[in-house]
Amino acid sequence: MKKLLLLITAMVAAITLTACSGAKTTKTKMDEIKEKGKIVLGVSPDYPPYEFTTTENGQKKVVGADIYLAQEIAKKLGVEVEIQEMAFDSLIAAVNANKVDMVISGVNPTEERKKAVDFSDIYYTGKGIFVVNKDSAEIKSVADLKGKKVGVQKGSTYETYAKEQLKIE
């Protein structure tokens, strides 16, 4: 009898504690996006044909393959896309500061970036090239760039390459 009473008391206590625990439902980022009815996309629209600006009916508009990809993602989620233009080197910081929900802007996954944000599966692999004046007699290979002035996009993997591999500031 004591064991039965102890069992019933334990069950009542367990049920009461479970009911009063105030278990919180944790919202995911996806839940937040769907509640807002929009996904905020961060882009640096200077990478045609993937993202670039154009003018339609006198209005500036960001277009390109990556923008169309974002629109398809939004369509699958049942939300709209809101585009936030920013400098390329601000994109990952904007995700981490919750200023944008996602970034599609030719961002290559590096080990450092993988520590800061999650990446999708790679959907495009491209090659980088260096462009020099066709009349240049002194630059015929990548090795010839050492010690020269080189222009690259700030925050890009090309900037990292120039600094680390070519030792160019």
**Request:** Flag the pair Y161 / L166 as yes when at least one side-chain heavy-atom distance between them is below 4.5 Å, and no otherwise.
**Result:** yes
**Item:** Pair listing, salt bridge (Lys or Arg N to Asp or Glu O under 4.0 Å) test, anchored in residues 133-145, at least two apart
**Value:** E138-K148
**Prompt:** Mind checking whether E51 and V63 have side chains closer than 4.5 Å, heavy atoms only?
**Reply:** no
**Asked** Is any side-chain heavy atom of L41 less than 4.5 Å from a side-chain heavy atom of D101?
**Response** no
**Request:** Assess whether side chain to side chain donor-acceptor pair (under 3.5 Å) is satisfied between Q153 and D89, documenting all intermediate values.
**Result:** CA-CA 8 Å; Q153 187 174 35; D89 61 341; over 6 Å; no
**Asked** Do side-chain atoms of S105 reach the backbone of V107 as a donor and acceptor pair under 3.5 angstrom?
**Response** no
**Item:** Ring centre gap for Y47 and Y50 strictly below 6.0 Å
**Value:** yes
**Item:** Lys/Arg N to Asp/Glu carboxylate O, E80 vs K38, below 4.0 Å
**Value:** no
**Prompt:** Do any N or O atoms from the side chain of S136 and from the backbone of I139 form a donor-acceptor pair under 3.5 angstrom?
**Reply:** yes
**Message:** Any salt bridge linking E32 with K27? Criterion: basic side-chain nitrogen under 4.0 Å from a carboxylate oxygen.
**Reply:** no
**Prompt:** Out of curiosity, Y124 OH to L69 CG, how far, rounded to the nearest 0.5 Å?
**Reply:** 14.0 Å
**Item:** Lys/Arg-Asp/Glu bridge criterion (N-O < 4.0 Å) met for K75, E72
**Value:** yes
**Message:** Would you say that K114 contacts T110 through its side chain, given a criterion of any heavy-atom pair below 4.5 Å between the two side chains?
**Reply:** no
**Asked** Is there a side-chain contact between V43 and D66 (heavy atoms, below 4.5 Å)?
**Response** no
**Asked** Does NZ in K61 sit with more than 12 non-hydrogen atoms of other residues, nucleotides or ligands closer than 6.0 Å?
**Response** no
**For A70 against V81, the heavy-atom pair lying closest together** = O-CG2, 3.6 Å
**Request:** Evaluate whether atom CG of N133 has more than 12 neighbouring non-hydrogen atoms of other residues, nucleotides or ligands under 6.0 angstrom away.
**Result:** yes
**Item:** All salt bridge (Lys or Arg N to Asp or Glu O under 4.0 Å) counterparts of K60, not counting sequence neighbours
**Value:** E85
